[in-house]
Amino acid sequence: MLIKEKEKKKIKTRNNSISKKLYIQSYGCAMNFSDSEIVASILKKEGYITTLNPHEANLILINTCSIREKAEQTVRKRITEFKKNKQANSDLVIGILGCMAERLKEKFLDEEKLVDLVIGPDAYRDLPKLIKETNEGRKAVNVILSKEETYADINPVRLNSNGVTAFVSITRGCDNMCSFCVVPFTRGRERSRNPESILSEVKQLSKIGYKEVTLLGQNVDSYLWFGGGAKKDLLKLPVNKIKEAIDFSMLLEMIAKKNPKTRIRFSTSNPQDMKDDVLKTIAKYENICNYIHLPVQSGSSKILKLMNRGHSREWYLSRINAINKYIPDCGLSSDFITGFCNETEKDHADTMSLMDIVKYHFSYMFYYSERPNTFAQRKLQDNVSLEIKKRRLQEIINLQHKHSLIRNEKSINKKHEVLIEGLSKKSDAQFFGRTSQNTVVVFPKNNKEIGDFVKVRINECTSATLIGEII
Ligand code: SAH
Ligand code: F3S
């Protein structure tokens, strides 16, 4: 009898572990994708294995984005698609992670009846407890933001990985308060991660075969480690401690030096915080990629002021000059918003003229989407019509295409070192990889393997892709 009970228990635990299947889907920025890997790691310890099939999952987590209204609509649509899964499996738990969870809090549970659990970006360690609550039939919420949480000690489970490139987060949150942006509200105060834990994560990645890391933060240039906590706390420390603080260029140098075979990228840089010493470090180390994503948003100083960007057109262009001086072949990209409050045709023309001066390799371009509770929503009028916003957006997209083509054509007949990341989307006989400048290159396989560094001569191009062959 006793044995039978034991046996039963064993079967139950086995079934439990078999049935703990997590389907996790991420929307939005790289930080969300990186956070999902932290979540998978936290839940792995609880016996969850990830699945790519939502139909066999008993836990579905959606890591959400609030940056534009459209991003939120996409998430809501996705939630309704899981209605059938819930009907088929009454034990299924659906959880909302990330920025929408933080923005909407308990309200989310009222608005989306299918959702059982709402958890903000700093509360993921609490997931096991919250899941337990939902298993007991209660709805669960934790949206507490933290001044400390960096998940430094968690070794992320790499999801959908190519085994070659990985994200490593170095800061969380943002203190910048751009007037259009919801991120400071959803991701909280800026805090930096302990450099030791960053170095050990990069080392571990390199040990298991990864060849490239991208250091992530909303504003990597303001990375500052002095023992943890919010940045303003630094001033409370004695002078000798302040002097020991590690800034972004120092961190970059430490990682580059200790991992000479690993390619290093980072994102995102902010114009007002990007100092020359970072540029000098990039120039000094072969393994730090010659590529900077430097969002400008608008080419008009008047609009930049309304956006509370902390930099003018002139300051931004002086940063571009500094980049070109220290890193002459640097890949450059930007983010743009068209139709922000009070944007006139003249302001729009200023954006186009700034683009003409810089000639970015590529850009992420959006029309303005008003976000609840931001400064712009509270104090400024969303007074450019949707039609004009979209027309201006199309104009900058067309201009960017021209510039991308000009930049790419300059690579023809040149040789680039490329890291092979995977099979080309169009043909299994071809690989794709990226240059140091972050441009995608497609070329025949030539007996090489994913993860190899190869020299590729560029023969032709489109505005999006370089086409070449291994030499
Ligand atoms: N510093 C961040 C920026 C995050 S938001 C980073 O790491 O990339 C990414 C981009 O979305 C911004 O640069 C901006 O161009 C755009 N964006 C942010 N809020 C927006 C809004 N309300 N409407 C339209 N685009 C927006
Ligand atoms: Fe948003 Fe500006 Fe920070 S765009 S993420 S508030 S730098």
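First listed ligand is number 1; within each ligand, the first listed atom is number 1. Predicted model only: the values in this text are computed from it and were never measured.
Electrostatic pairing of D382 and K389 counts as a salt bridge here, judged by a charged N lying under 4.0 Å from a carboxylate O.
For a threshold of 3.5 Å applied to N or O pairs, the pair formed by P295 and ligand 1 contains no separation below that value. For a threshold of 3.5 Å applied to N or O pairs, the pair formed by S267 and ligand 1 contains no separation below that value. The shortest N/O to N/O separation between R371 and ligand 1 does not fall below 3.5 Å. Between S369 and ligand 1, a contact under 3.5 Å exists for at least one N or O pair.
Of all atoms in ligand 2, numbered sequentially from 1 with element shown, those under 4.0 Å from a heavy atom of Q218 are 5 (S). Atoms of ligand 2 lying under 4.0 Å from at least one heavy atom of P184, given by number and element, are 6 (S). Short contacts between ligand 2 and N270, defined as distances under 4.0 Å to a heavy atom of the residue, involve ligand atoms 7 (S). Every atom of ligand 2 is numbered from 1 in the order shown, and the set under 4.0 Å from a heavy atom of F180 is 4 (S).
In this structure, a donor-acceptor pair under 3.5 Å is absent between the side chains of N32 and S26. In summary, the side chains of T344 and D347 do present a donor paired with an acceptor at a separation below 3.5 Å, with no hydrogens or angles considered. There is no side-chain donor-acceptor pair under 3.5 Å between N287 and N259. A donor atom on one side chain and an acceptor atom on the other are not found under 3.5 Å apart for S169 and Y151.
Here F180 has heavy atoms under 4.0 Å from ligand 1 in both its backbone and its side chain. Contacts between Y364 and ligand 1 below 4.0 angstrom, taking non-hydrogen atoms only, are absent altogether.
Nearest-residue assignment for atom 5 (S) of ligand 2 (options V183, T374, N308; heavy-atom criterion): V183.
Ligand 1 lies out of reach of N219, whose nearest heavy atom is not under 4.0 Å from it. The closest approach between any non-hydrogen atom of G217 and ligand 1 is below 4.0 Å. Residue N219 places no heavy atom under 4.0 Å from ligand 2.
Of the protein's heavy atoms, N176 ND2, 3.2 Å lies nearest to atom 7 (S) of ligand 2. Shortest contact from atom 1 (Fe) of ligand 2 to any protein heavy atom: C181 SG, 2.3 Å.
Using cut-offs of 30° and 60° for the angle between ring planes, the Y23 and F82 rings count as perpendicular.
At a threshold of 2.8 Å, atom 2 (Fe) of ligand 2 has a backbone or side-chain N, O or S atom of C178 nearer than that distance. Not one N, O or S atom of C174 sits under 2.8 Å from atom 1 (Fe) of ligand 2.
Both tests hold for R76 against F108: distance to the six-membered ring centre under 6.0 Å, angle to the ring axis within 45°.
A donor-acceptor pair is defined here as one N or O able to donate and one able to accept, closer than 3.5 Å; such a pair exists between the side chain of Q400 and the backbone of Y360.
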